[in-house]
J.: 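Below is a structure I'd like to ask you about.
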Protein chains: 2
Amino acid sequence: MDQKIDTRSRILNIAEAAVLEKGFEATSIEEIVAGAEISRGGFFYHFKDKNALARAMLERYIDAENALYDDLFARARELNDDPLHCMLIGLKLLAEMLEEMPSGHPGCVIASTAYQDRLFDEGVRDLNRQAILGWRKRFRGMFEEIAQVYEPREAVNMDALGDMVSGVVEGGLVLQRALREHNNASEQIMLFRTYLKLLFADK
Amino acid sequence: MDQKIDTRSRILNIAEAAVLEKGFEATSIEEIVAGAEISRGGFFYHFKDKNALARAMLERYIDAENALYDDLFARARELNDDPLHCMLIGLKLLAEMLEEMPSGHPGCVIASTAYQDRLFDEGVRDLNRQAILGWRKRFRGMFEEIAQVYEPREAVNMDALGDMVSGVVEGGLVLQRALREHNNASEQIMLFRTYLKLLFADK
DNA sequence: GTCCTGGCTGTACTGCGAGTCCAGTTGACC
DNA sequence: GGTCAACTGGACTCGCAGTACAGCCAGGAC
């Protein structure tokens, strides 16, 4: 077979799909090895235990999400050089992307692990923390750039505003999962977009 | 002993504390019965299985949260009759309440169950759904009242705006849990408050 | 050509927690 | 004195995580 993806990646692919669908604890190693067509011994050869699997999944997921944001806002920047409009376009693209996912966004691994964190060791929890702090820094930077051009109509804490991007997405995904609707996250992002339009006044 | 709280409630109290601290799956029936000082048989006498426990916990939690919102916005209404200011005061009270919780808010059961939903049966998932739809209705009503007095500066979907209250709280709690900080949720609520101030213009 | 190593397979085992079954106890109230 | 609700306690099954280890096989080093 030419689909000779290395076994480790195959395990991660199967595991990620299963975990996003039904949660980490509800995903058994049994079904992962069945899906990846390997033996249980093979699984434990690659991952010491489920914690090691969780860490590897989080690392991959965070890298992918960061790459996605890089790409999204790079495309936005090409369309408009103004920092506010770049942000607004980027959020629109993000909302569209979330909406286009056929069965809705699978849900964020970050929130999922945050709510089951006692299952994980310190390494996993720290990865989670670092990812959110990374997004805070990213968006805080973008908002500061905007604030240099547009005077905010109300004083806001820039760290908190940076966090709000993550928070709105995470919160939207929670609603989406619980309601079994499909566009809550994108609607929440669009509302946040109008917030930014109102907050950063035209000169 | 006069602390003769009936056993069922004692089980629910112990279980809720444990579940909020470390998640549903990570909480064993063993430790619940140990905490409640009953036998395993006694537990299963009250709850057919862990699902029944989850359903009972959710019902209690949702009732408590609804009562809290009722109280909060009733107090706000006493302080100011104007619907916008009532909303702003209520949100301030909510933010303060979240901040005052010594070890931070334990985290919302709704989000927690949303991310482990395959562990639960349809009844539990539906409770979850109904709770969020209830909050949507509650806040949507309040926003419509506001909109009759204050013209929104930008057109917004009122259902989505209603959801945003829940979403911002849930999202904030996710951040708080993952970051191990203690005031993210209240900061997010305060940011949402400034959104409302900007959105609903003075006449 | 052989040897070694990495990447597995397969089996057998321990231990934990959920859930079932059921027989027996205890106290309240009618 | 009988009945019922609210348990206790123990024995059991089942599924899943994790451990241990013996063996297999392909491919590169020498």
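Below, read A as the first sequence line, B as the second, and so on, with proteins coming before strands; counting in each chain starts at 1.
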J.: What is the separation between atom CD on Glu37(A) and atom P on dG10(C), rounded to the nearest whole Å?
T.: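 About 12 Å, once rounded to whole Å.
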J.: Ignoring the backbone of Ile38(A), work out which of dG17(C), dT9(C), dG18(D) is nearest its side chain.
T.: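 Nearest nucleotide to the side chain: dT9(C).
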J.: Which nucleotide sits closest to the side chain of Ser39(B): dC8(C), dA18(C), dT8(D)?
T.: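 From the listed options, dT8(D) comes nearest.
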J.: Whole-Å distance between dG7(C) C1' and Phe47(A) CZ?
T.: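 Rounded to whole Å, this separation is 14 Å.
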J.: Verify whether the ring centers belonging to Tyr195(B) and Phe192(A) lie closer than 6.0 Å.
T.: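 Judged by ring-centre distance (under 6.0 Å), Tyr195(B) and Phe192(A) do not meet the cut-off.
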J.: Among dC16(D), dC7(D), dG18(D), which nucleotide has an atom closest to any side-chain atom of His46(B)?
T.: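 Side chain of His46(B) sits closest to dC7(D).
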J.: Which whole-number value in Å describes the distance from Tyr45(A) OH to dC24(D) P?
T.: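 So the two atoms are 18 Å apart, to the nearest Å.
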J.: Which pair of heavy atoms, one from Gln188(B) and one from Ala160(A), lies closest together, and at what distance?
T.: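 Closest approach of Gln188(B) to Ala160(A): NE2-O, 3.0 Å.
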J.: Is the base of dG19(C) touched by the side chain of Arg40(B) through a donor-acceptor pair closer than 3.5 angstrom?
T.: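 Per atom types, the contact qualifies.
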J.: Please determine, by modelled atom types, if Ser166(A) and Asp163(A) share a side-chain donor-acceptor pair under 3.5 angstrom.
T.: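 Distance-only check fails for Ser166(A) and Asp163(A).
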J.: Return no unless some side-chain N or O of Ser28(B) is found under 4.0 Å from OP1 or OP2 of dC16(C).
T.: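 Indeed not, no polar side-chain atom of Ser28(B) lies that close.
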J.: Over how many whole Å does the gap from Phe44(B) atom CZ to dC12(D) atom C1' extend?
T.: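 It works out to 13 Å between those atoms.
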J.: Under the ring pair (Phe, Tyr, Trp, His ring centres under 6.0 Å) rule, what pairs show up with a residue in residues 76-98 of chain B, not counting sequence neighbours?
T.: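 Every pair satisfying ring pair (Phe, Tyr, Trp, His ring centres under 6.0 Å) with a residue in residues 76-98 of chain B: there are none.
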J.: Just to be sure I understand: a Watson-Crick pair is purine N1 to pyrimidine N3 plus N6-O4 or O6-N4, both under 3.5 Å. Using that and G-U wobbles, which stems of three or more pairs involve DNA chain D?
T.: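 As far as DNA chain D goes, consecutive pairing (with distances under 3.5 Å) yields the stems C:1-30 with D:1-30.
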J.: Looking only at side chains, do Asn13(B) and Arg60(B) share a donor and an acceptor under 3.5 Å apart?
T.: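 The answer is yes; a qualifying pair exists.
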J.: To the nearest angstrom, how far is Leu53(A) atom CG from dC16(D) atom C1'?
T.: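 Rounded to the whole Å, the gap is 15 Å.
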J.: Round to the nearest Å and state the distance from Ile32(B) atom CD1 to dG19(C) atom C1'.
T.: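 For the pair Ile32(B) CD1 and dG19(C) C1', the rounded distance is 14 Å.
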J.: Would you sort out whether Asn66(A) and Trp135(A) count as a side-chain hydrogen bond (donor to acceptor under 3.5 Å, both in side chains), showing the intermediate values?
T.: CA-CA 8 Å; Asn66(A) 274 321; Trp135(A) 296 329; 3.0 Å; yes
J.: Starting from P on dA18(C), measure out to CG on Asn51(B) and report it in whole angstrom.
T.: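 After rounding, the gap between these two atoms is 13 Å.
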J.: Going by atom type alone, with no hydrogens or angles, which donor-acceptor pairs under 3.5 Å involve a side-chain atom of residues 41-59 of chain A and a protein atom two or more places apart or on another chain?
T.:
unit_1	atom_1	unit_2	atom_2	d
Asp49(A)	OD1	Asn51(A)	N	3.1
Asp49(A)	OD1	Ala52(A)	N	3.0
Lys50(A)	NZ	Phe24(A)	O	3.2
Lys50(A)	NZ	Thr27(A)	O	2.9
Asn51(A)	OD1	Asp121(A)	N	3.0
Arg55(A)	NH1	Asp121(A)	OD1	3.3
Arg55(A)	NH1	Asp121(A)	OD2	3.1

J.: Can you tell me the distance, in whole Å, between the CZ atom of Arg8(A) and the C1' atom of dG6(C)?
T.: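 That distance rounds to 15 Å.
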